[in-house]
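In the text below, chain A, chain B and the rest are named by the order of the sequence lines, each starting its count at 1.
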2 protein chains.
Amino acid sequence: MILVLSNNYSHIKEKLSEAGLKVTHQRIVIMDSILRLDNHPTVEQIFDLIRDANPSLSLGTVYKTVETFVNNGLLSKVSTNEGQMRYDPKLHNHGHIYCGNTSEIIDYYDEELNDMILNFFKKKKVNNLKIKNITLQINGDKIDPEKDILIK
Amino acid sequence: MILVLSNNYSHIKEKLSEAGLKVTHQRIVIMDSILRLDNHPTVEQIFDLIRDANPSLSLGTVYKTVETFVNNGLLSKVSTNEGQMRYDPKLHNHGHIYCGNTSEIIDYYDEELNDMILNFFKKKKVNNLKIKNITLQINGDKIDPEKDILIK
DNA sequence: CTATTTGCAAATAATTTGCAGCTGG
DNA sequence: CCAGCTGCAAATTATTTGCAAATAG
């Protein structure tokens, strides 16, 4: 029986190659940190997570790299009212919950709601616009900031 | 028959007073320009529109003023992927169409869709979150950048 | 080998701050 | 009058740029 060990970062390397990007250590580490951080990190948060283990990696490289990732469809850019861009590795059509009091951004996706909205826009047309995607933005405040938000 | 002339800026002055803000020339001119510009201006666009007629009014004051307006519920803040905040004088629950190729932000509101979404969130609950509002973000590109977007 | 990518430092852009002087209520 | 505004300049923050050295393919 042959056991194929899941090679470190193999999934990320593959994604980079598929996108036609050179597979560099910096890119792997940056993508990995975004996936691990999960909640839509800022450039600063990415840099803070990886700088100790990669002392020569510079902040400028993080800026350039996330921009490259966005341009090649590996990340999407999420703007906030706090003046810093954040980066989202989930590429399927999904919405976000913005917590005003904790600055968290939480993914929101509901199949039923999504279908409802897509059906609606099959009927109602917006002329002279090529729609790329439609997302829902839910603004609110966490009631208990210590606890998580639970989508039922 | 008594004809009451619509006093200049009277509506804006009223809004400011109601919000408990002092009615200053700067605030009137800034709010007026936002209403006139209509399409979710940046601070720079506001400033450009009013600077000639108000040479002593400074850019810093525009920044402070729009922030005051947001904090007092007279404007809402709209973030973009272009690194500049934009300001929206329409306060009722409505969505935005973001044109990637022209950087325009166009209001979108449909009663039926709005009801549909609100009803949905009466059933599905998001625990530990006090929802303030739910808006739709429609991303796309204008097909003919010269022409307007027409919502049918 | 060579087109890309990276690191670094300097530049730019957007926004905020501090504070003295002005002004609306 | 005086708390709240404004103007101005300097400070801060986020991001971009330019370029020489490094490196993936």
Worksheet item: For A:R27 and C:dT6, what is the distance between atoms CZ and C1' respectively, to the nearest whole Å?
Response: 9 Å
Discussion item. Let's go through A:K152 and B:N127 carefully: what are the C-alpha distance in whole Å and the side-chain angles of both, what is the deciding distance for side chain to side chain contact (heavy atoms under 4.5 Å, CB included) to 0.1 Å, and is it a yes or a no?
Written reply: CA-CA 7 Å; A:K152 298 214 283 195; B:N127 265 11; 3.9 Å; yes
Worksheet item: Reckon A:T61 touches a base, only the sugar-phosphate, or nothing at all at heavy-atom distances under 4.0 Å?
Response: base
Worksheet entry | Quiz item: A:K64 side-chain donor-acceptor pair to C:dG7 base, under 3.5 Å | yes
Practice prompt. Quickly work out the A:E67 CD to C:dT6 P distance and round it to whole Å.
Written response: 14 Å
Item to complete: Describe the nucleic acid contact of B:S56 in one word from base, sugar-phosphate, nothing, applying a heavy-atom distance below 4.0 Å.
Response: sugar-phosphate
Worksheet item: How is B:G83 classified with respect to the nucleic acid when contacts are heavy atoms under 4.0 Å: base, sugar-phosphate, or nothing?
Response: sugar-phosphate
Practice prompt. In whole angstrom, give the distance that lies between atom CD of A:Q26 and atom P of C:dT4.
Written response: 17 Å
Worksheet item: B:H25 NE2 to D:dG7 P: how many Å, rounded?
Response: 9 Å
Item to complete: Give a yes or no on whether A:I134 and A:V78 share a hydrophobic cluster (residues Ile, Leu, Val, Met, Phe, Trp, Tyr; joining criterion: side-chain heavy atoms under 4.5 Å apart).
Response: no
Discussion item. Mind checking if B:V23 touches a base, just sugar-phosphate, or nothing, with heavy atoms under 4.0 Å?
Written reply: sugar-phosphate
Response to the item:
When rounded to whole Å, the CG to P distance for the pair B:N72 and D:dG4 reads 12 Å
Discussion item. Taking only side-chain N and O atoms of B:Y63, does any of them lie within less than 4.0 angstrom of OP1 or OP2 on C:dT16?
Written reply: no
Discussion item. What is the separation between atom CG on A:L59 and atom P on D:dT15, rounded to the nearest whole Å?
Written reply: 9 Å
Discussion item. Are A:I151 and A:Y109 packed together at the side-chain level, in the sense that at least one heavy-atom pair is separated by less than 4.5 angstrom?
Written reply: no
Fill in: side-chain N/O B:T68 vs D:dC5 OP1/OP2, d < 4.0 Å
no
Worksheet item: Rounding to a whole Å, what distance do you find between B:L21:CG and D:dA3:C1'?
Response: 13 Å
Worksheet item: Side chains of B:R86 and B:P41: closer than 4.5 Å at any heavy-atom pair?
Response: no
Worksheet item: With a 4.0 Å cut-off, would you call B:D38 and B:K90 a salt bridge?
Response: yes
Response to the item:
Atom CD of A:Q45 and atom P of D:dA14 are separated, to the nearest Å, by 11 Å
